[in-house]
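Fair warning: this is a prediction, and the values are worked out from it, not measured in the lab. Protein chains get the first letters and strands the later ones, always in sequence-line order, with residue 1 at the start of each.
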There are 2 protein chains.
Amino acid sequence: MKPTLQDVANAVGVSRSTVSNAYCRPDQLSAALRERILDAARQLGYPGPNPTARSLRRGFVGAIGVLFTSQLSYAFTDPFAVRFLAGLSGAAERHGSALLLVPLPDDPARARAAVENAAVDGFCVYCVGNEEWALDAIRRRALPYVTTAAPEEAHPAHRYVGIDERAAARTVAEHVAALGHRRVALLGDTVLPDAPPGPLRLAGPADVPHPTTRGRLAGFADAFAALGVDWSDLTVLNATGNSRAAGAAAVAATLTGDDPPSAVLACSDVLALGVLDTLAEAGPHLARPVSVTGFDDIAEAAAAGLTTVRQPAEEKGRIAAELLLAPPADPAAGHVLLDTALVVRTSTRPA
Amino acid sequence: MKPTLQDVANAVGVSRSTVSNAYCRPDQLSAALRERILDAARQLGYPGPNPTARSLRRGFVGAIGVLFTSQLSYAFTDPFAVRFLAGLSGAAERHGSALLLVPLPDDPARARAAVENAAVDGFCVYCVGNEEWALDAIRRRALPYVTTAAPEEAHPAHRYVGIDERAAARTVAEHVAALGHRRVALLGDTVLPDAPPGPLRLAGPADVPHPTTRGRLAGFADAFAALGVDWSDLTVLNATGNSRAAGAAAVAATLTGDDPPSAVLACSDVLALGVLDTLAEAGPHLARPVSVTGFDDIAEAAAAGLTTVRQPAEEKGRIAAELLLAPPADPAAGHVLLDTALVVRTSTRPA
DNA sequence: TTGAAAGCGCTACCAA
DNA sequence: TTGGTAGCGCTTTCAA
């Protein structure tokens, strides 16, 4: 059996308290005794206090849980998520907190159990879809948490760091509109659940369940509505996933059909890069060039010359961690909206 | 105070065991009683069994620790590490295990404490330098672990997944040698600790402390030695970090000096991309083109036309997780060497 | 400076 | 099917 603190105490002939003190309160005993205890521990192969037992007793763990309501590997596949995690981990590191990445099974009951069973002091919920159930489980545990988007309904103690999705989306749409584009397609990931890739009939942005996508589509629409281009004049394209391939598949038929749009506004850079892939492939067969915009400004966007909206990924992660680990006294400071910036590159041209 | 299992038991008028059973062994009580208990729990706001207490009692945690002996954010900054983590997290997810990313402070004593205090069932150690101290702490805790490189000295129960660094490096060097290059520079990250960026005097690869870098440099040297080009004829360049910028800085003086090498063999793609950056910047001032090779085959390598050695990043992560979570019965199967492949692109040309 | 006592919240065994 | 008992390994008063 693995030796315990008790064994060390027995070996030295002192009480457990004293051994415990030797580890976590060196000032509470003589240096000599402490040395004697540590020596005995080494001799016995005692690896130091058991972390789980210590957490139970102390009432905290030293780790924050990170939740992606999707495959966990998504976190490492999406460039924006990776940068967010870089910022988050840097700040967590500074606070001496570890990061527990919690995989969520597809089965709702088991997913909820995963949230209930995570040994953490708080949660950072990376919003990618419907995570209300997870927030509910977290609130029941009375743990602090932070999300990466404003909540749908305000909740006391709900802290978040996000951007003004709608206003940000509007800026890039205004840029495209100013270039003279009027036949425009909007591309989003999972605009409606279970919808197939490609064009979608949608009464308005309000019908989109995912708040981030809803906000961005609404912002795109705002810009055109101001110029008299109605929602019904816009094409909405659905991608079945936030990936390059899904973006490419979503637009393929539309771009190669007759009367294609002159511009495609995507809800993420990854989708937009997929559009560029389709465009590059279709190449000579296209009647005329198509302008494309993305959202996020990931590294690949610059290389591809993609016009996009920049949001500060690492900073978002850093602030999320700080909101959790060093909560502001003023509750209003728990709601952070970051600035975004339109980045114009070569993927948008006059219509 | 937060309600505990005991409170629920009191409320329903049953024993704690029965409440516990209601949560983790539903077959041990009648459906009716279980419903009654769960209802009471809901009423009281009991969020379910405390994960830490459960772990203590059960003796396992359901998480594996991931150690990067560097800034934790490095894990998200290095493309190869990110792909490794994607593979690792996918496999962990399948096994229902969470991932605890443990930040390691710079201070050695505190770093060791971080390893000792992590509540995990095992460790995956991503090798980036000297991690013997961490392995030592893990062994004392008698936890299973896996590393991403063969150990320097064999240890029972040490499992690893790696590649034959030396043989792999040799293949790309042979390719460069076959193109006729004889004046060659080798570029590695932290070839010697605390060495400045740029050329380095080194008696031989054996003097390099980091095993991965040592193996790759030795492999490069092997290829040239076979053609009569001695170690002393090769230039060794030191980069102070595994980053594009560090790679660029390491080669700048050498490439723009007189009598520059005709080829640079880098120990990673990231470093090689830095070399390409320097080359692009120096551009017209260069006497003649310089061939460059990398190592890893990250996504950016393809776009940059970089000749490199491909190693299966995601698979490495997946196998690491499986070695840990589903240990093979045969101990020999705990040592996995993955295949690598030379990928020739446009960054290498005849001398 | 040291030790005794009292749990942290839970689960697993065994007996009823 | 239910409950009593006995810890899991530790830390923290408080008293000596």
Side-chain angles (χ1 to χ4, degrees), chain A residues 1-38 40-41 44-62 113 116-121 140-143, chain B residues 1-38 40-41 44-62 113 116-121 140-143:
Chain A
M1 276 316 297
K2 281 196 207 178
T4 71
L5 185 144
Q6 176 76 72
D7 296 326
V8 179
N10 291 150
V12 184
V14 296
S15 77
R16 287 184 309 191
S17 337
T18 305
V19 178
S20 176
N21 282 336
Y23 281 98
C24 32
R25 326 180 86 187
D27 52 314
Q28 296 293 300
L29 35 48
S30 63
L33 178 55
R34 174 155 193 267
E35 242 349 285
R36 212 144 58 80
I37 291 175
L38 264 29
L44 288 171
Y46 176 67
N50 174 312
T52 307
R54 166 176 281 180
S55 296
L56 177 60
R57 181 60 235 244
R58 290 193 175 166
F60 83 103
V61 177
E116 290 168 340
N117 286 329
V120 296
D121 302 317
R140 289 189 59 110
R141 286 186 60 182
L143 289 177
Chain B
M1 276 313 298
K2 282 197 209 180
T4 70
L5 185 143
Q6 176 77 72
D7 298 323
V8 179
N10 292 151
V12 184
V14 295
S15 77
R16 288 182 309 191
S17 335
T18 305
V19 178
S20 176
N21 283 335
Y23 282 98
C24 32
R25 323 179 89 185
D27 52 313
Q28 296 294 299
L29 34 49
S30 62
L33 178 55
R34 174 154 193 266
E35 241 352 283
R36 211 143 60 78
I37 291 174
L38 264 29
L44 289 172
Y46 176 67
N50 175 311
T52 307
R54 168 177 278 180
S55 294
L56 177 59
R57 181 60 235 240
R58 292 195 176 167
F60 83 102
V61 177
E116 289 168 341
N117 286 330
V120 296
D121 301 318
R140 287 190 60 113
R141 286 186 60 183
L143 289 176

Point to revise | A/Tyr23 OH - D/dT12 C1' separation (whole Å) | key: 18 Å
Practice item. Output, in order, the C-alpha distance, side-chain angles, deciding distance and verdict of side chain to side chain contact (heavy atoms under 4.5 Å, CB included) for A/Leu33 and A/Arg36. Key: CA-CA 5 Å; A/Leu33 178 55; A/Arg36 212 144 58 80; 3.4 Å; yes
Review point. Could you state the CG-C1' distance from A/Leu5 to D/dG7, rounded to the nearest angstrom?
Key: 16 Å
Practice item. Test side chain to side chain contact (heavy atoms under 4.5 Å, CB included) on A/Val14 and A/Ile37 and set out the steps. Key: CA-CA 9 Å; A/Val14 296; A/Ile37 291 175; 4.2 Å; yes
Check your understanding: Do B/Tyr46 and B/Leu5 have side-chain heavy atoms sitting under 4.5 Å apart?
Key -> yes
Revision key, fill the gap. Of the candidates D/dG9, C/dG3, D/dT12, the side chain of A/Ser20 sits closest to D/dT12
Practice item. Rounded off to whole Å, could you give me the CG-to-P distance for the A/Asn21 and C/dG3 pair? Key: 10 Å
Using a cut-off of under 3.5 Å, enumerate the N/O to N/O pairs linking the protein to nucleotides 6-8 of chain C.
| unit_1 | atom_1 | unit_2 | atom_2 | d |
| --- | --- | --- | --- | --- |
| C/dA6 | N6 | A/Arg16 | NH2 | 3.3 |
| C/dG7 | N2 | A/Arg57 | NH1 | 3.3 |

Review point. Hey, mind stepping through B/Ser55 and B/Thr52 against side-chain hydrogen bond (donor to acceptor under 3.5 Å, both in side chains) and telling me if it holds?
Key: CA-CA 5 Å; B/Ser55 294; B/Thr52 307; over 6 Å; no
Point to revise | Nearest heavy-atom neighbours spanning A/Pro3 and A/Leu44 | key: CG-O, 3.6 Å
Exercise for review: Could you check which of C/dC10, D/dT2, D/dC10 has an atom nearest any side-chain atom of B/Thr18?
Suggested key: D/dT2
Practice item. Dump the intermediate steps for side chain to side chain contact (heavy atoms under 4.5 Å, CB included) on A/Ser20 and A/Arg25, then the final yes or no. Key: CA-CA 8 Å; A/Ser20 176; A/Arg25 326 180 86 187; over 6 Å; no
Review point. Given C/dT2, C/dG9, D/dT12, which nucleotide is nearest the side-chain atoms of A/Leu33?
Key: C/dT2
Study note, to complete from the structure: To the nearest angstrom, the CG-C1' distance between A/Asn117 and C/dT11 comes to 14 Å
Check your understanding: The side chain of A/Arg25 lies closest to which of these nucleotides: D/dT2, D/dT13, C/dT2?
Key -> D/dT13
Study note, to complete from the structure: Closest to the side chain of A/Thr4, out of C/dT11, D/dT2, D/dG9, is D/dG9
Check your understanding: Once you round it to whole Å, what is the distance between P of C/dA16 and CG of B/Leu29?
Key -> 21 Å
Exercise for review: Measure the distance from CG on A/Asn10 to P on D/dC10 and round it to the nearest whole Å.
Suggested key: 12 Å
Review point. Rounded to whole angstroms, how far apart are CD on A/Gln28 and P on D/dT12?
Key: 10 Å
Review point. A/Gln6 has an atom CD; how far is it from atom C1' of D/dC8, in whole Å?
Key: 13 Å
Review point. Quick one: which of C/dC10, D/dG3, D/dC10 gets closest to the side chain of B/Val14?
Key: D/dG3
Review point. Base, sugar-phosphate, or nothing: which does B/Tyr46 touch, judged by heavy atoms less than 4.0 Å apart?
Key: sugar-phosphate
**Study point:** Candidate pair A/Val120 and A/Val61, rule side chain to side chain contact (heavy atoms under 4.5 Å, CB included), full reasoning
**Key:** CA-CA 6 Å; A/Val120 296; A/Val61 177; 5.7 Å; no
Review point. Contact class for B/Ser17 (heavy atom, under 4.0 Å): base, sugar-phosphate, or nothing?
Key: base
Practice item. For D/dC10, take OP1 and OP2 only and decide whether either is under 4.0 Å from a side-chain N or O of A/Arg54. Key: no
